[in-house]
Amino acid sequence: EAKRNGRGRVSRYRAGMLEAAASRQTLEADLERALERAEFHLAYQPFLSLPDDRIIGFEALIRWEHPTRGLVPPPAFIPLSEETGQIVLIGKWVLETACREAATWAVHRHVAVNVSPVQLRSPLFLSHVTNALAQSGLAPSRLEIELTETAMVEDGTEVARVLRDLRTLGVKIAMDDFGTGYSSLAHLRDFPLDRIKIDRSFVMAAATDRHCMAVLTAITQMGKMLEIPTLAEGVETDEELALLRSLGCDAVQGYLIGRPGRLCAGVDDPWRHVAGAA
Ligand code: C2E
Ligand code: MG
Ligand code: MG
Ligand code: MG
């Protein structure tokens, strides 16, 4: 009896494994076709400068509208696309689309684009950036590339060269999710950075956890001393916003300011979300 139960568990477990493998395989195949089938679009989330409360830019966030699964969130397909290498072409599409769309905004704000470490290491990456800028006519200084700390630890010297080349083009560089990765102060010293984006986890916990508060305060102060503007991610409440103001944080982003959404191109102000967008 016990043995039979045991075997039952094993086969259920195996069935689960096979199912997961099969679902991964179909997702991978679907991802392969997603670009040509035009299933991706970009949602834009605003960021606000402090203390003057101006919208200074929008972060482009990829959205995959799968024909049967519906909206697939980035964490469910970006890691897979990194494993298969598809991220290089997906990332190229993101760069082109973000630059093309931002070029139509009546008010000339920054557009921030997330770049995966795999994409950054591709020998094609710089040409993708250059082409996206040339095709769209977007001023390079309006493009901000967001990289995580993980991107910077791997192969440091090579990455440093790519970042310097981006700099030479006039493109801005932001460090994303600061404080969560293999944080090293050496990154701040060695890489030219235009913005430090402080991870949401610190903002969330600061009110209740004095250690998180201490880290948040320290990062903000460090940004000031290094003359690198800081931006706090994931601001959801008035209390969090007030705290960040009092700490002298330079910018904020989060649901309180605005959720990611589609923008009305052209007309007047890009800070006009189409109702109901994700
Ligand atoms: P990220 O770059 O740190 O982007 C911020 C994420 O936090 C977004 O999730 C955004 O929707 C979410 N967010 C913003 N404000 C709030 C808030 O107040 N509360 C909460 N709970 N969440 C908030 P999203 O769009 O699901 O993207 C997740 C991650 O996927 C991104 O994190 C980024 O690492 C990656 N990603 C998104 N688009 C792209 C892309 O085009 N290329 C690459 N390589 N990665 C991307
Ligand atoms: Mg980002
Ligand atoms: Mg982020
Ligand atoms: Mg984050």
Side-chain angles (χ1 to χ4, degrees), residues 31 34-35 39-48 55 57-65 70-102 110-122 125 128-129 132 143-152 172-181 183 193-207 219 230-241 243-244 249 251-262 273 277-278:
L31 199 50
L35 268 179
E39 291 167 359
F40 294 122
H41 72 264
L42 297 179
Y44 292 93
Q45 187 181 32
F47 42 99
L48 188 80
I55 300 286
F58 291 84
E59 178 173 2
L61 296 159
I62 195 167
R63 296 292 178 258
W64 181 17
E65 192 64 60
L71 197 65
V72 184
F77 70 91
I78 293 288
L80 178 62
S81 73
E82 290 175 330
E83 278 175 47
T84 62
Q86 288 164 311
I87 189 66
V88 177
L89 282 180
I90 295 174
K92 175 176 184 273
W93 178 88
V94 173
L95 279 164
E96 288 170 354
T97 308
C99 290
R100 191 184 65 241
E101 294 185 341
H110 279 200
V111 62
V113 171
N114 293 284
V115 168
S116 141
V118 177
Q119 201 186 340
L120 189 72
R121 270 186 273 126
S122 160
F125 175 67
H128 291 170
V129 174
L143 177 62
E144 207 167 296
I145 298 289
E146 294 195 3
L147 301 167
T148 57
E149 290 161 295
T150 319
M152 306 210 178
K172 302 279 191 289
I173 299 154
M175 188 182 273
D176 205 355
D177 304 336
F178 186 74
T180 56
S183 292
L193 287 177
D194 299 285
R195 200 185 303 284
I196 295 172
K197 299 189 78 170
I198 308 169
D199 192 67
R200 188 167 81 83
S201 54
F202 297 105
V203 175
M204 274 168 59
I219 298 175
T230 51
L231 176 150
E233 296 187 296
V235 179
E236 294 184 355
T237 68
D238 289 313
E239 290 71 27
E240 288 165 351
L241 179 59
L243 170 65
L244 292 158
C249 204
V252 284
Q253 181 178 1
Y255 293 166
L256 182 70
I257 317 305
R259 289 187 178 252
R262 300 239 216 178
H273 285 62

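Counting starts at 1 for both ligands and their atoms, following the listed order.
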To check you understand the geometry: which heavy-atom pair defines the closest contact between [X] and [Y], and what is its length?
{"X": "L31", "Y": "W64", "value": "CD1-CZ3, 3.6 Å"}
{"X": "F125", "Y": "L120", "value": "CE2-CD1, 3.7 Å"}
{"X": "L61", "Y": "P260", "value": "CD1-CG, 3.8 Å"}

Are [X] and [Y] side-chain neighbours, meaning at least one heavy-atom pair lies under 4.5 Å?
{"X": "I62", "Y": "I78", "value": "yes"}
{"X": "R262", "Y": "R63", "value": "no"}
{"X": "I145", "Y": "L95", "value": "yes"}
{"X": "W93", "Y": "L42", "value": "yes"}
{"X": "R195", "Y": "K172", "value": "no"}
{"X": "E233", "Y": "D177", "value": "yes"}
{"X": "F40", "Y": "L35", "value": "yes"}
{"X": "V111", "Y": "L143", "value": "yes"}

Original post:
Would you find a donor on one side and an acceptor on the other, under 3.5 Å apart, between the side chain of E149 and the backbone of F178?
Top reply: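 No.
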**OP:** Spell out the protein N/O/S atoms under 2.8 Å from the Mg ion (ligand 2) as residue plus atom name.
**Re:**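 Under 2.8 Å from the Mg ion (ligand 2) - ignoring waters, which are not counted - the protein N, O or S atoms are E59 OE2, N114 OD1, E146 OE1, D176 OD2.
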Subject >> Check against side chain to side chain contact (heavy atoms under 4.5 Å, CB included), E144 and D194 >> reply: CA-CA 9 Å; E144 207 167 296; D194 299 285; 5.8 Å; no
Original post:
Would you call K197-E59 a salt bridge at under 4.0 Å N-O?
Top reply: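 Yes, charged N to carboxylate O under 4.0 Å.
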Please identify which atoms of ligand 1 are closer than 4.0 Å to at least one heavy atom of [X].
{"X": "P260", "result": "11 (O)"}
{"X": "E236", "result": "17 (C), 18 (O), 19 (N), 20 (C), 21 (N)"}
{"X": "D176", "result": "1 (P), 2 (O), 3 (O)"}
{"X": "S116", "result": "44 (N)"}
{"X": "Q45", "result": "14 (C), 15 (N)"}

Original post:
So between D177, I78, I257, whose heavy atom ends up nearest atom 3 (O) of ligand 1?
Top reply: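 Answer by nearest heavy atom: D177.
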Subject >> Selection from L147, L95, V118, N114 by shortest heavy-atom distance to atom 42 (N) of ligand 1 >> reply: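 The nearest heavy atom belongs to N114.
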Under a heavy-atom criterion of less than 4.0 Å, does [X] contact ligand 1?
{"X": "Q253", "result": "no"}
{"X": "G91", "result": "no"}
{"X": "G234", "result": "yes"}
{"X": "K197", "result": "no"}
{"X": "R200", "result": "yes"}

May I ask you to identify, for [X], whether its side chain, its backbone, both or neither come under 4.0 Å of ligand 1 on a heavy-atom basis?
{"X": "L256", "result": "neither"}
{"X": "V94", "result": "side chain"}
{"X": "M204", "result": "neither"}
{"X": "E233", "result": "side chain"}

Subject >> Full working for side chain to side chain contact (heavy atoms under 4.5 Å, CB included) between Q119 and I90 >> reply: CA-CA 9 Å; Q119 201 186 340; I90 295 174; over 6 Å; no
Original post:
Does Q119 reach ligand 1 with a nitrogen or oxygen that is under 3.5 Å from one of the ligand's nitrogen or oxygen atoms?
Top reply: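 Q119 vs ligand 1: no N/O contact under 3.5 Å.
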Subject >> N/O separation below 3.5 Å, P75 to ligand 1 >> reply: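 No, no N or O pair falls under 3.5 Å.
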